[in-house]
Structures are given as C-alpha cells and as structure tokens.
Amino acid sequence: MNVENLKKEIKEEIESSKNPNELNDVRIKYIGKKGIITELNSKIKDIPNDEKKEYGMKVNEVRTYFNTLFSNKNKKFEEEKLNEKLRKEKIDITMPATEIALGAPSILEKLIEDVEEVCMSMGYDVIDGPEVELDKYNFEMLNLPKGHPARDAQDTFYFDESEEHLLRSQTSPVQVRTMLEGKGEKKVRMICPGKTYRRDDDDATHSHQFTQIEGLVVDKNISLTDLKGTVEVIVRHLFGDDVEVRFRPSYYPFTEPSVEIDISCFNCGGKGCSICKESGWITVCGAGIVHPNVLKMSGYDPKVWSGFAFGFGAERLAMLKYGIDDCRVFYNNDLRESKEFDRVD
C-alpha cells in the first residue's frame, strides 16, 4: 500500500468537491461500508503477524488524514451556506417599517368606560361581583321571594335542581353585597357594570347574555330629584347637552316608586323618526327609589336611610349612540365592524 499516493488522491478529490453532495460521494468512496479505506482495514486479518502493526499504522494514518481534510472541507461548505442565508435574510433598517393593522377597542367596553368616567366624577365607586350567584342575592333580597311572578321575566340559568345557584340575571346582587358590607351604617354610592344572563332568544335585539350598568345610592333624605339629576348628567354626557329626560311610572319589585326613564330623541330632536318610532322619546333606563324591604334585608333602617337605583343596558346605549341595528355585532370577531367605531367622539 502506497500511503502517499493514496493521500494525494484523497486530497485531490476532496478539494475538487464543489458542493456537499459531491463531498458526501467522496466520503462514501473512501470510508463507506465498501470504501477504499474500509476495505484496507478489513484486510488486516490477512496480513502476517509481524507486519500487522506497521500495516495498521498506515491505515490509521490514511483514515486520520481523510477525516481531517473532510472535516475542514465540510466546515467550509457549512460556513458558505450560513453566509448565503444571512445575505438573503439581510434587513435594510433604512427601509420603511411594515404597517401593522391595529384593532379597535370593544364598543361595549368603550361605552362602559364613558359611563364609569362620568359616575366617578360624581363620587361613585365602580364595584364588581360574581357572575355565578345565589338565589338569595339575585332574587330574595331584592324583594323577589320564591314564586314571585316577576321572576318569570328574569328567568336565568341554574346549576342545580334546588335552583340555589345560578348565573345572575342582573347586576343588582352586587348592590346587595355592597349594602351588606355597609352593615346599615355606611353611605353607598356605586355602579356595577357587568355581564348578566337570561334565557332569551338570540336575535337582532335580544341575547342570552347582555351587559348592565346599574347604579345605587343609599344616604339620608334621598329623593327622586336626586335620581333625575344623576340620570340627566349621565345621558347628556353620552348623547349631548340638549337631551331632555322624562320619567314615567313603572313597576319593579325592588324599587317603590319605580320609573321608566326616557330621553328626547337625539336624532330628530323630539319631532319623531324611525329611531324613536315617531314618538320623539327613547327609553334608556329603569329606576326608582329603593324599596323599604330591600333596605331592611340589607341592614338599613328605612326610617333613617333612603336611596335610589338605576339600570342601563350597555348594548342598548351603544346601539343608540353608534347607530347599530344588531346587538350581535358586539360579540362577533370581525374587526371590520369594530374598526368603524375607532374614533374620537
């Protein structure tokens, strides 16, 4: 075996390889299963014992030589590949940046924040509460005992046959919990926006889930005048300073007296249009003076304390404010719909 000639052949073939595939072919030729160096190594068993040592040393010399040249050449190919990749992926930082499409704030959240802002300016606290409630807080302590016919209008989703655990049908339980924390001694001035649930059809104006913004004030010498002034501030903040407010008698088990609150149509100025159904007025809120029974059950003496409560539907306010005719828009994932409302009012 002529070691020098073999090393010369190895060097020429490795250096002449133009790409990794050709280099791999050279590897197979010399150290593959049937490669030249592999076969030389397998012949060692046929070499006389006194020559095996020298023969083995020559084979190892050739193998080491091959591995060194192969490794260097392979490393060179890898560096070239990396450099080419870096060249192709090079970023010109002087080029204009790619414009990233941005979404818009949730229409409902935007409206709720508007109401929170004006209420906080009047000294109200914004309080949250559980959406899974007890019948006790959702109905009974709001003057709606079991079997009361007014429960039918607020039928909700129950978690057990005893109907003790349910998804709240209104945010009023948060008001009850707040009054209980006051222990009949502390003044209350709070709003509680949040999701509520009722078994209802899903269509353009109804949903099994909707958002309420309820408010409660408990103090001494509270009257309907205070309620009227508060509601006027809120609706004028939302719909403009020219809006007029009208009270109509109504019925709610948890307030006495109870009222429906209308605002003059902001679209036609009270003349009559499709938005107000030609009446000139739009109902936006239910409200009233807190019922004495509700005060008693929450620990407040109705001879000393009084209060008022009101409740807006956030979806209804948003539909009126932004001219939306389908409440399902609020829960769709189509950014094109919400983008229309990404503007400064």
Side-chain angles (χ1 to χ4, degrees), residues 110-127 142-143 170-172 174-176 178-179 182 185-194 211-270 276 279-292 294-295 298 300-321 345:
K110 190 174 182 180
L111 182 129
I112 290 171
E113 288 175 2
D114 281 347
V115 177
E116 289 177 347
E117 179 182 341
V118 68
C119 286
M120 286 190 293
S121 71
M122 293 187 288
Y124 283 68
D125 295 320
V126 179
I127 299 178
L142 291 167
N143 206 32
Q170 51 200 350
T171 55
S172 302
V174 183
Q175 299 177 352
V176 172
T178 303
M179 286 191 286
E185 299 175 353
K186 294 182 179 180
K187 299 177 182 180
V188 176
R189 188 176 298 183
M190 52 86 77
I191 61 169
C192 43
T211 309
Q212 278 192 336
I213 308 173
E214 292 196 22
L216 172 70
V217 170
V218 176
D219 206 332
K220 297 176 181 177
N221 301 316
I222 295 296
S223 68
L224 278 173
T225 303
D226 301 304
L227 171 60
K228 187 173 188 295
T230 300
V231 173
E232 284 181 347
V233 171
I234 295 173
V235 297
R236 286 174 179 166
H237 175 78
L238 294 175
F239 299 107
D241 294 335
D242 296 332
V243 169
E244 297 295 330
V245 179
R246 180 178 75 174
F247 279 30
R248 290 183 291 109
S250 187
Y251 168 76
Y252 299 107
F254 30 81
T255 53
E256 180 61 41
S258 302
V259 293
E260 293 276 357
I261 300 177
D262 304 331
I263 62 172
S264 58
C265 182
F266 51 86
N267 185 60
C268 66
C276 61
S279 69
W281 297 92
I282 301 172
T283 302
V284 295
C285 180
I289 298 299
V290 180
H291 198 291
V294 175
L295 290 172
S298 299
Y300 285 83
D301 184 353
K303 295 180 180 179
V304 178
W305 299 89
S306 58
F308 65 77
F310 59 85
F312 293 98
E315 286 86 352
R316 178 163 177 76
L317 291 179
M319 289 172 76
L320 292 171
K321 182 176 177 65
D345 294 325

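All values below come from the heavy atoms of this structure, side chains included, with hydrogens, waters and symmetry mates left out. Numbers here are sequence positions counted from 1. From a predicted model like this one, the values you see are computed outputs, not experimental measurements.
- Residues meeting the side chain to side chain contact (heavy atoms under 4.5 Å, CB included) test with Arg246, sequence neighbours left out: Arg248, Asp262, Trp281.
- A donor-acceptor contact shorter than 3.5 Å is absent between the side chain of Asp219 and the backbone of Lys187.
- Atom-to-atom distance recorded for Tyr300:OH and Lys186:NZ is 8.5 Å, nearest 0.5 angstrom.
- Side-chain atoms of Glu214 do not come within 3.5 Å of backbone N or O of Phe310 as any donor-acceptor pair.
- Residues Met122 and Val233 meet the side-chain proximity criterion, which asks for heavy atoms closer than 4.5 Å.
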Taking it one step at a time, do Ser250 and Val259 satisfy side chain to side chain contact (heavy atoms under 4.5 Å, CB included)? CA-CA 5 Å; Ser250 187; Val259 293; 5.5 Å; no
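- The distance from the OG1 atom of Thr255 to the CG atom of Leu224 is 9.5 Å, given to the nearest 0.5 Å.
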Please determine whether side chain to side chain contact (heavy atoms under 4.5 Å, CB included) holds for the pair Ile222 and Trp305, giving the CA-CA distance in whole Å, both sets of side-chain angles, and the decisive distance to 0.1 Å. CA-CA 8 Å; Ile222 295 296; Trp305 299 89; over 6 Å; no
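- Note: Thr230 OG1 to Glu232 CD = 9.5 Å, rounded to the nearest 0.5 Å.
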Would you sort out whether Glu116 and Ile112 count as a side chain to side chain contact (heavy atoms under 4.5 Å, CB included), showing the intermediate values? CA-CA 6 Å; Glu116 289 177 347; Ile112 290 171; 3.6 Å; yes
After noting the C-alpha distance and the side-chain angles of Thr225 and Leu227, does the key distance pass the side chain to side chain contact (heavy atoms under 4.5 Å, CB included) rule? CA-CA 5 Å; Thr225 303; Leu227 171 60; over 6 Å; no
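- A 6.0 Å sphere centred on CG of Asp301 holds more than 12 heavy atoms belonging to other residues, nucleotides or ligands.
- Judged by distance alone, the side chains of Gln170 and Gln212 never bring a donor and an acceptor atom under 3.5 Å apart.
- A donor and an acceptor atom, one from each side chain of Tyr252 and Glu260, are located under 3.5 Å apart.
- In terms of heavy atoms, Asp114 sits closest to Leu238 at CB-CD2, 3.9 Å.
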